[in-house]
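For reference, the structure discussed in these notes is given below.
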Amino acid sequence: MAELPPSTSVRRWLVTTNHKDVGILYMITSLFFLLFGGVLALLIRLQLWVPGDQLMSGLAYNEAVTAHGLIMVFWFLSPFAFGFANYLVPLQIGAEDLAFPRLNALSYWMYVLSGVLLGISFFQGGTMDAGWTLYAPLNVPAYTPSIGSTGAILALAMFVVGVTASTINFLTTIHHSRAEGMGLMDMPMFTWSILATVWMMLFAFAALLGLGLILASDRILGSVYLSATEGGALLWGHLFWFFGHPEVYIVFFPALGVMLEVFQTFSGKRLVGRKWVIIAIVLICIQSFLVWMHHMFLTTINLEVKTLMMATTIGISLPFDLIVFALIYTLAKGRIQFTTPFLFAFGALLLFILGGITGVFLGAIVLDYEFRGTYWVVAHFHYVMFGGATALIGGAYYWFPKITGRMYDEFLGKIHFAVFFISFNIVYFSMFMAWETPRRVFSYNQDFIQIHQFGTIGGFILGFSFFIMFYNFWKSYVSGPIAPDNPWEFSRTAEWAVESPPPLENWEGRPSYASGHLEFLSDDHGHGHAPAATDGGHAHTGNEASDYVLGDKHASHASIWPFAVSFATFVFLLGLSGIRQAMSIGAGASPLDIGVTISNPMYPTLTLLGAVGMLYAGVQWGLEDFYAPPAEIANRWPFDHVEKNKLGMWFFLASDVLVFGAFISAAVFIRIAAGWGTWTPIPDQIFGLINTFVLLTSSFTVILALVFARRQHRTGLVASIGATMLLGLTFMGVKAFEWYEKVYIDGVFIGSVNPDLPYTAVQASVYFVTTGLHGVHVLLGLIVAAFLLVRAYQGHYLEDERPVEYFGLYWHFVDIVWVFLFPLFYLF
Amino acid sequence: MMDLFALSHTGPEDWRAQAAVFEEIFFVFLVIGTLVGVIVVAYTLYHAYKYRDTGKPDESFEPPILGELPTGDEGPKSRKLFVSFGLSAILVISLVVYSYGLLLYVEQGPTDDIGSDAEHAENMEIQVEGFQFGWNFEYPNGHVEQDTLRVPQGDDRVIRLNVTATDVWHNFGVTELRIKADSIPGQYATTWFIPEEEGTYLIECFELCGLGHSDMDGEIIVMPEDEFDEWYEGTMEDDETDDDTNDEANDGNEDDDGTDEEGDN
């Protein structure tokens, strides 16, 4: 399985884990979603042709509006950017691939199949129609009952899982696999922008995943978080925008990275104020999490908080000012070549300036009060997001020769730019002229008819302009002139130092910047061939010495399990989308007396098949002999001497911490909204006490397991893993009894409570869902522990005890989360 | 858009309609924003034109070399960068501080202790409930009207709106009066306006709320005071004939339904 089939075969694309292949897959797939989202946009514009025109029914219009936003933000913009990131980041930092190649392929397949799930949702009674912002309680089944609405949410959740995997991958890669001599500050600006993007993604998408799980729980399990009058709607607002604001920078930063590269390459000048630009980028990352309430100025948040958010919002515009000026001044004294990539990057800057200025308007609360829910907001974010993304189009032209080995047609490229730039401004500037139109309506003031029609014509031309690029790329790929390694006069980053396209493992020899510039060294491990630099045995500096002793095994590049796991997940979620409507479970007087009526067997069957498939494919993944060697010699600051997989595990746990953070914040928020003192603990303290003791003991046994593994003591290892599992099962058993008591004896359900009891329905929801999520984590840990148990019995982990260590880290994390949940739900 | 100078000179001197406040701030931002935009864009285009590659050889030109460690340009251009950055920061902060001063007024609305109560007409507080897909207005006397809000004209009175929702998240907005409030179930958001000019003002919903979001319109009718009073009394009679039980309950609460406060018959 380690050998890659040729790129002309379909099988190749299903099994590849190479970052360049995955990058190409992302780029092409995302362009398909651009067309999908674009067609929806044109449908919206057609509906706006005259006020009240009923091209689509009101509901269909809302679905179009919702899907347009979701597709463009999630399924087009970031994947397109990450197509470039996948292809170029390893090349720019001198690595051979991403840190976790199979995980990378998994991210892609999760992305594609989640898009298919979204597409299917249109046919399940209509997709979600609550806007891409999915405000509560419009997003709960009482108001959006279709199965497709649930399907769309599950599609989004699946997408976020893939994104999280990507985040962990890029963070580990950029922090672990940089070439010798390339410190963090030495990285190219495109890689810097991706690093900033993935740091923000780590925290932002974790919040969205938590929120998505809350919504899925409300829709499928019947909890009542979001319909609760004790702040359910505002809970959504806070959590969504806590994610939503960093998200817009997550979308923009890769485009900014392209601008920073392209401005330098085509002016022949180095970036002015580079150190300050990097500092500004880092500041924006942090500040992006402090401004979210500027999307909520008209809600009932108090004046002090509003003022604070206004200040932080203005504060975040300042680093952007610096970056914009740095780009402008970089052009000074340069020799600017107006190639297509530069035209698009330059155009992106102009559009971003205009969009940014209108953002300052929105930051002034009094003005925002009137702009709320109008086309001013729509025009603003299209200028900054789509305008910024214009630079990504420039990036497509810039790196087209590198990726395909052919040169694109420069004249057609310039035509594309002209048509694009003019039509872009026609559509979106017209929105400023008619800004008083409310969002997401098709009945509007008669005075604006001509303006909207003008904009619609621009929209069609804008859509058409993309086909100029598609034609150019297709024609050039098939019969364009062969491109050299480096077609650009003043480029300097490492991707231009290898062939176009690069070979499978990127480099002949090991790239190193230790001498101050790029060299390809050959090392003793038989890795490289002809040394391209002076001496072969390079002296190791202190913090870049090799952390690994590796054999001569050849790196793997192919695996079917990422596709298999993703496909099984797709089937599982497809089943889950309709399960509430397809089944009714009548709970009787005892757990033995449950009546299950299945009206549509398809959904439960799919759910079951999918779950089994996920388990099977997951086990096969674990058993597969896939060799992805870490870079032997690399600059890993600030994570020196942290082993690759452990670093990945830490990033994963950080993300999981944030997911629980979202749930705990939700619990606290609802409780404060209801009145903190009005809640008394639902479960009996004794069960919580027992389970705390059980879990803490299990942390001890898991440490014991690691000790035994290190001492190569097989019996001890098997026994401690077994003991951990036993304790974990005890935990689940105690929890099952606790829940049995609540549901069957007291009458506390996930979405309703026996009226004689002093608990509210939302309090019950919060209790069941939060502790339930923790329970799911324990269950998943038990599954992994079972896998480890079998393998330990077979004699593994005595030479290489790392999997036991990683499992231990995860298990400790689960226990620590419990230490927070216990007082919150059992004591106070 | 409303005429900047037409309003705000007829009521108590420091009372300004939200519309007037908005127009002023918007005008200032628009002028400065356009100026800044034009200058920055022109400056950028100028740079792009001036430093285009003319093909002439230049010995002093030191471009980046393939394979070099990425460094920046740390020359004199960095100083220009900080000057530009500083100027833009001062400008942006000043704009927002200026608008903040007016925010405090807009949040509260005009206060009532201008002169004595007898000199100008009473203010009114209306409970607004958004629902799928219309607006309910509850007057102080308990009368509920759907989709149409009638208020008496008067440039020295304030109408306060207490806005909530019964089902999903809506947004109550009247473009011509420049007022808006989120309409959220379980929450009460407030806004206010001065009914200075007679006329009909369109209410629209500014938050996607379902199938009928696009048609969720209403209207505010500012009518002459005496016509309003006649209509308002009529609502109480209608309510009496419509529902005797309610009326008996109301009789015990005369302070709440406003009957004692009418002084201008």
Heavy atoms of B:G67 and A:Y513 approach each other most closely as O-CE2, 3.4 Å
With chain B, the option among A:T493, A:L518, A:V441 that has the most non-hydrogen atom pairs under 4.5 Å is A:V441
Cut-off 4.5 Å, heavy atoms of chain A, and the answer for B:T190 is neither
Practice item. Verify side chain to side chain contact (heavy atoms under 4.5 Å, CB included) between A:L138 and B:W169, making sure each step is shown before the conclusion. Key: CA-CA 7 Å; A:L138 184 59; B:W169 194 320; over 6 Å; no
Turns out that what part of A:Y375 lies under 4.5 Å from chain B's heavy atoms comes down to neither
| said: Tell me whether A:N62 contacts the main-chain N or O of B:G210 through its side chain, where contact means a donor paired with an acceptor under 3.5 Å. | reply: yes
Is there side-chain contact between B:K180 and A:L298, with heavy atoms separated by less than 4.5 Å? yes
Please tell me if the side chains of B:E68 and A:R270 come closer than 4.5 Å, counting only heavy atoms from C-beta onward. yes
When the 4.5 angstrom heavy-atom criterion is applied to B:V97 and chain A, the contacting part is neither
When the 4.5 angstrom heavy-atom criterion is applied to B:I65 and chain A, the contacting part is backbone
If one checks every heavy atom of A:S317 against chain B at 4.5 Å, the contacting part turns out to be side chain
Most heavy-atom pairs under 4.5 Å with chain A, out of B:V21, B:T71, B:L45, B:T34, belong to B:T71
Of the listed A:P51, A:A142, A:G356, A:G373, the one with the largest count of heavy-atom pairs under 4.5 Å with chain B is A:G373
Are A:L303 and B:L104 close enough that some pair of their side-chain heavy atoms sits under 4.5 Å apart? yes
Okay, A:A673 and chain B: the region with an atom under 4.5 Å from a heavy atom over there is neither
Whatever's closer than 4.5 Å to a heavy atom in chain B on A:Y143 counts as side chain
In short, B:H47 meets A:I328 closest at the heavy-atom pair CD2-O, 3.9 Å
Bottom line for B:K50: the part with an atom under 4.5 Å from chain A's heavy atoms is neither
Bottom line for A:M189: the part with an atom under 4.5 Å from chain B's heavy atoms is neither
Could you tell me if the side chain of A:K306 sits less than 4.5 Å from the side chain of B:E107, heavy atoms only?
yes
_Applying ring-ring contact (aromatic ring centres under 6.0 Å, His included) to A:W376 and B:F26, what does each step give before you reach the verdict?_
CA-CA 12 Å; A:W376 184 278; B:F26 186 53; 5.7 Å; yes
Practice problem: Determine, stepwise, if the pair A:E370 / B:T175 fulfils side chain to side chain contact (heavy atoms under 4.5 Å, CB included). | Solution: CA-CA 8 Å; A:E370 191 50 33; B:T175 303; 4.2 Å; yes
> Would a distance-only check, ignoring hydrogens and angles, find a side-chain to backbone donor-acceptor pair under 3.5 Å from B:S214 to A:F442?
Replying inline: yes
Cut-off 4.5 Å, heavy atoms of chain A, and the answer for B:Y98 is neither
Near B:Y188 OH, under 6.0 Å, is it more than 12 heavy atoms from other residues, nucleotides or ligands?
no
Inset, instruction - Would you indicate whether the side-chain heavy atoms of A:R492 and B:P70 approach each other to under 4.5 Å? - result: yes
- A:F297 side chain near B:D182 side chain, heavy-atom distance below 4.5 Å: no
*asked:* Determine whether A:W276 and B:F85 satisfy the following criterion, ring-ring contact (aromatic ring centres under 6.0 Å, His included), listing intermediate values before the conclusion.
replied: CA-CA 11 Å; A:W276 298 105; B:F85 169 68; 9.3 Å; no
Chain A shares the most heavy-atom pairs under 4.5 Å, among B:D167, B:V41, B:I179, B:V36, with B:D167
**Asked** If you draw the axis of the six-membered ring of B:F61, does the NZ or CZ of A:R335 fall within 45° of it and under 6.0 Å from the ring centre?
**Response** yes
Original post:
So do A:Q337 and B:R52 actually touch side chain to side chain, heavy atoms under 4.5 Å?
Top reply: no
Scored by heavy-atom pairs under 4.5 Å with chain B, the best of A:V272, A:I357, A:L331 is A:V272
| message | Go through it in stages, so that I can follow the logic: the residues are B:D73 and A:L271, the test is side chain to side chain contact (heavy atoms under 4.5 Å, CB included), and I'd like the CA-CA distance, side-chain angles, deciding distance and then a yes or no. | response | CA-CA 6 Å; B:D73 178 325; A:L271 182 63; over 6 Å; no
Answer key: most heavy-atom pairs under 4.5 Å with chain A among B:G173, B:A165, B:S88, B:G33 is B:S88
Bottom line for A:D186: the part with an atom under 4.5 Å from chain B's heavy atoms is both
Do B:K80 side-chain atoms and A:Y329 backbone N/O form a donor-acceptor pair below 3.5 Å? no
Please lay out, stage by stage, how A:I336 and B:Y49 fare under the test side chain to side chain contact (heavy atoms under 4.5 Å, CB included). CA-CA 8 Å; A:I336 303 173; B:Y49 174 74; over 6 Å; no
Per-residue tally against chain A (heavy atom, under 4.5 Å) across B:P185, B:S84, B:S78 peaks at B:S84
Exercise for review: Using a 4.5 Å cut-off on heavy atoms from C-beta on, say whether the side chain of B:L208 contacts that of A:R439.
Suggested key: no
B:Y46 OH: over 12 foreign heavy atoms closer than 6.0 Å
no
Any salt bridge between B:E62 and A:K269, counting N to O under 4.0 Å?
no
With chain A, the option among B:G86, B:S183, B:C209 that has the most non-hydrogen atom pairs under 4.5 Å is B:C209
Turns out that what part of A:S267 lies under 4.5 Å from chain B's heavy atoms comes down to backbone
Greatest number of non-hydrogen atom pairs under 4.5 angstrom with chain B, of A:F338, A:Y444, A:F342, falls to A:F338
From the list A:L349, A:T307, A:T313, the residue making the most non-hydrogen contacts under 4.5 Å with chain B is A:T307
Looking only at B:N171, B:L202, B:V106, B:D217, the option with the highest number of non-hydrogen pairs under 4.5 Å against chain A is B:N171
Counting heavy-atom pairs under 4.5 Å with chain B, the top scorer among A:A332, A:A497, A:G273, A:A364 is A:A332
